[in-house]
Student: 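I have a structure here, written as structure tokens, and I will follow up with some questions on it.
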Amino acid sequence: MRKSIPNYDKGHSLILEISEFFIKQESVIYDIGCSNGELTHQLAQKYAGKKVQAVGIDCEENFIKAAKTRSQSSRNLKFKKENATEYKYKTCDLVILYYTLQFIQIEKRANLLLSLCRSLKKGGGLLLFEKTRQNNPRANDILNQLYTDFKLNSGYTGNEIVAKARSLKGVLEPLSTEQNLELLEQTGFSNPTIIHKTLCFDGILAIK
């Protein structure tokens, strides 16, 4: 992921900083599409003294197996192999979708966000990081070329970049920045705000 997403670690750091505005004693945090659980583990460690429960969810068995190796000594950290669109969420203070929503079928995204909004306490936060399409065709072309340069500079070969793009056909379906903001507003979040942007990647803070 670090070779594929610019400022990947900076995004994690920003989430950890912003979380301080939402986490209280015995809060619940959901990290949806947690992959190997790196960010979920960092959140659990950061708030261990507040008895915060950090829950990582992913539908991939291999990711959950890798993530669970991090949780063996942490009482406030859990990982679950679940479909995010079907999972029953408990009341929570913070939800993180770190490059996850873009892999969920477009027609299911609104229902997922509605479910998350209902589970969040009033004033709770959702952090959405996504790859985006640009409404301006020329800007879209420029950013995509710069993104290709980033991947080449990260060590990918041209053949690897093409193969990856082919493997994501019909799997990765990014929306535009405006579409993501509109979707969040339609599902109950007030005035979602861009907090991070690098090339064709956005970070959005949405508050219930």
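Numbers here simply count residues along the sequence, with the first being 1.
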Student: Applying side chain to side chain contact (heavy atoms under 4.5 Å, CB included), can you list everything that pairs with K65, at least two apart in sequence or on another chain?
Tutor: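 K65: side chain to side chain contact (heavy atoms under 4.5 Å, CB included) contacts with E61.
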Student: As an exercise, state the distance from CD of Q25 to CG of D93, rounded to the nearest 0.5 Å.
Tutor: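 Q25 CD to D93 CG: 11.5 Å, rounded to 0.5 Å.
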Student: How far apart are the closest heavy atoms of S27 and F22, and which atoms are they?
Tutor: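 Looks like OG-O, 4.1 Å.
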Student: Please tell me whether D141 and Q145 have a donor and an acceptor in their side chains that are separated by less than 3.5 angstrom.
Tutor: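 Yes, because at least one side-chain N or O of D141 sits under 3.5 Å from a partner of the opposite role on Q145.
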Student: Assigning hydrophobic clusters by single linkage (Ile, Leu, Val, Met, Phe, Trp, Tyr; side-chain heavy-atom cutoff under 4.5 Å), is Y99 placed with I195?
Tutor: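 Yes: a chain of side-chain contacts under 4.5 Å links Y99 to I195.
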Student: On a heavy-atom basis, which atom in K208 and which in K121 lie closest, and how many Å separate them?
Tutor: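 Shortest heavy-atom separation between K208 and K121 comes out as CD-O, 3.7 Å.
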Student: Quick one: closest heavy-atom pair of Q53 and K78, and the distance?
Tutor: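 Closest pair (atom of Q53, atom of K78, distance): NE2-CG, 3.4 Å.
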Student: Which distance, rounded to the nearest 0.5 Å, do you find between the CD of E82 and the OG1 of T85?
Tutor: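 Going from CD on E82 over to OG1 on T85, the span is 10.5 Å.
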Student: Classify the angle between the aromatic ring planes of Y8 and H12 as parallel (below 30°), tilted (30 to 60°) or perpendicular (above 60°).
Tutor: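 Correct class here is tilted.
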Student: In the structure I gave you, are the side-chain heavy atoms of L120 and Y89 within less than 4.5 Å of one another anywhere?
Tutor: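 Counting from C-beta outward, L120 and Y89 never come under 4.5 Å.
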Student: Return yes if some donor-acceptor pair links the side-chain N/O of D58 with the main-chain N/O of I64 below 3.5 Å, else return no.
Tutor: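 Not confirmed, D58 side chain does not pair with I64 backbone.
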Student: To the nearest 0.5 Å, what is the distance between CZ (F79) and OG1 (T69)?
Tutor: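 Interatomic distance, F79 CZ to T69 OG1, rounded to 0.5 Å: 8.0 Å.
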Student: Sequence neighbours excluded and cut-off under 3.5 Å, please list the side-chain donor-acceptor pairs for residues 107-117, or say none.
Tutor:
from : atom 1 : to   : atom 2 : distance (Å)
K108 : NZ     : Q105 : OE1    : 3.1
R109 : NE     : L101 : O      : 3.1
R109 : NE     : I104 : O      : 2.7
R109 : NH1    : E173 : O      : 3.0
R109 : NH2    : Q102 : O      : 3.1
R109 : NH2    : I104 : O      : 2.9
R109 : NH2    : E173 : O      : 2.7

Student: Does a side-chain heavy-atom distance below 4.5 Å link F21 with I207?
Tutor: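 No. Closest side-chain heavy atoms not under 4.5 Å.
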Student: Look at the side chain of D31 and the backbone N and O of G56, then say whether any donor-acceptor pair between them is shorter than 3.5 Å.
Tutor: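 Checking the backbone N and O of G56 against the side chain of D31, no donor-acceptor pair under 3.5 Å is found.
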Student: Distance only, no hydrogens: is a donor on one side chain within 3.5 Å (strictly under) of an acceptor on the other, for Y30 and S119?
Tutor: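 The answer is no; no qualifying pair exists.
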Student: Do the side chains of L175 and L143 join up, straight or via other hydrophobic residues, at under 4.5 Å, putting them in one cluster?
Tutor: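 Per the 4.5 Å side-chain linkage, L175 and L143 are not co-clustered.
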Student: Are L168 and I106 linked, directly or through intermediate hydrophobic residues, by side-chain heavy-atom contacts shorter than 4.5 Å (ILVMFWY only)?
Tutor: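 I106 and L168: separate clusters.
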Student: Rounded to the nearest 0.5 Å, how far does CG of L94 lie from NZ of K24?
Tutor: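 Those atoms lie 10.0 Å apart.
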Student: Please check this pair: side chain of Y47 against backbone of E20, looking for a donor-acceptor N/O pair closer than 3.5 Å.
Tutor: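 Side chain of Y47 to backbone of E20, a donor-acceptor pair under 3.5 Å: yes, one is there.
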Student: Could you report the tightest heavy-atom contact between T40 and C34, atom names first, then the distance?
Tutor: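 Shortest heavy-atom contact: OG1-CB, 3.6 Å.
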Student: Which atom pairs, donor and acceptor, lie under 3.5 Å between side-chain atoms of residues 196-204 and protein residues at least two apart or in another chain?
Tutor:
from : atom 1 : to   : atom 2 : distance (Å)
H196 : NE2    : T198 : OG1    : 3.4
K197 : NZ     : D202 : OD1    : 2.5
T198 : OG1    : N7   : ND2    : 3.0
D202 : OD2    : T177 : OG1    : 2.4

Student: Any donor-acceptor pair under 3.5 Å linking the side-chain atoms of S74 with those of N76?
Tutor: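 Their side chains do not contain a donor-acceptor pair, so the 3.5 Å distance test is not met.
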Student: Give, for atom CG of L16 and atom CD of Q42, the distance between the pair rounded to the nearest 0.5 Å.
Tutor: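 With rounding to 0.5 Å, CG (L16) is 5.0 Å from CD (Q42).
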Student: Taking atom types as modelled and ignoring hydrogens, do the side chains of S4 and Y156 form a donor-acceptor contact shorter than 3.5 angstrom?
Tutor: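 The criterion, which ignores hydrogens and geometry beyond distance, is satisfied for Y156 and S4.
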Student: Decide, yes or no, whether a salt bridge links E160 with K151 under the criterion of side-chain N to carboxylate O below 4.0 Å.
Tutor: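 No, E160 and K151 are not salt-bridged.
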Student: Identify the two heavy atoms, one from K46 and one from S19, that lie closest to each other, and give their separation to 0.1 Å.
Tutor: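 Looks like CE-OG, 4.0 Å.
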Student: Is it the case that one hydrophobic cluster holds both I15 and V28, taking links as side-chain heavy atoms less than 4.5 Å apart, direct or via other members?
Tutor: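 They do not share one cluster, since no chain of ILVMFWY contacts under 4.5 Å joins I15 to V28.
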Student: With rounding to the nearest 0.5 Å, note down the distance linking CD1 in I5 to NZ in K3.
Tutor: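 I5 atom CD1 to K3 atom NZ measures 13.5 Å (nearest 0.5 Å).
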Student: For R166, I'd like to know if atom CZ has over 12 heavy atoms of other residues, nucleotides or ligands within 6.0 Å.
Tutor: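 No.
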Student: Do L181 and E185 pass the side chain to side chain contact (heavy atoms under 4.5 Å, CB included) test, and can you show the C-alpha distance, the side-chain angles, and the key distance before you say yes or no?
Tutor: CA-CA 6 Å; L181 292 171; E185 289 183 339; 5.6 Å; no
Student: Before giving the answer on side chain to side chain contact (heavy atoms under 4.5 Å, CB included), spell out for L97 and L127 the whole-Å C-alpha distance, their side-chain angles and the decisive distance to 0.1 Å.
Tutor: CA-CA 6 Å; L97 290 156; L127 288 162; over 6 Å; no
Student: Among I32, I29, I18, exactly one meets side-chain contact (heavy atoms from CB on, under 4.5 Å) together with I96. Which residue is that?
Tutor: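 Considering I32, I29, I18, a side-chain contact (heavy atoms from CB on, under 4.5 Å) with I96 is found only for I29.
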Student: For residues L39 and L43, determine if any side-chain heavy atom of one lies less than 4.5 Å from a side-chain heavy atom of the other.
Tutor: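 A side-chain contact exists here, since the closest heavy-atom pair is under 4.5 Å.
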Student: Between Y87 and V95, is there shared hydrophobic-cluster membership here, with clusters defined by ILVMFWY side-chain heavy atoms closer than 4.5 Å?
Tutor: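 As far as the 4.5 Å side-chain criterion goes, V95 and Y87 are connected within one cluster.
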Student: Above 12 or not: heavy atoms from other molecules or residues under 6.0 Å from CG of N136?
Tutor: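 Enclosed: over 12 neighbouring heavy atoms sit under 6.0 Å from CG of N136.
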Student: Any idea which heavy atoms bring K131 and Y147 closest together, and the distance?
Tutor: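 Nearest heavy atoms, K131 then Y147: CE-CE2, 3.7 Å.
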Student: Classify the ring geometry between Y98 and F129 as parallel (under 30°), tilted (30 to 60°) or perpendicular (over 60°).
Tutor: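 Because their plane-to-plane angle lies in the 30° to 60° range, the rings of Y98 and F129 count as tilted.
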Student: Apply side chain to side chain contact (heavy atoms under 4.5 Å, CB included) to L126 and L184, showing your working.
Tutor: CA-CA 10 Å; L126 181 143; L184 287 163; 4.1 Å; yes
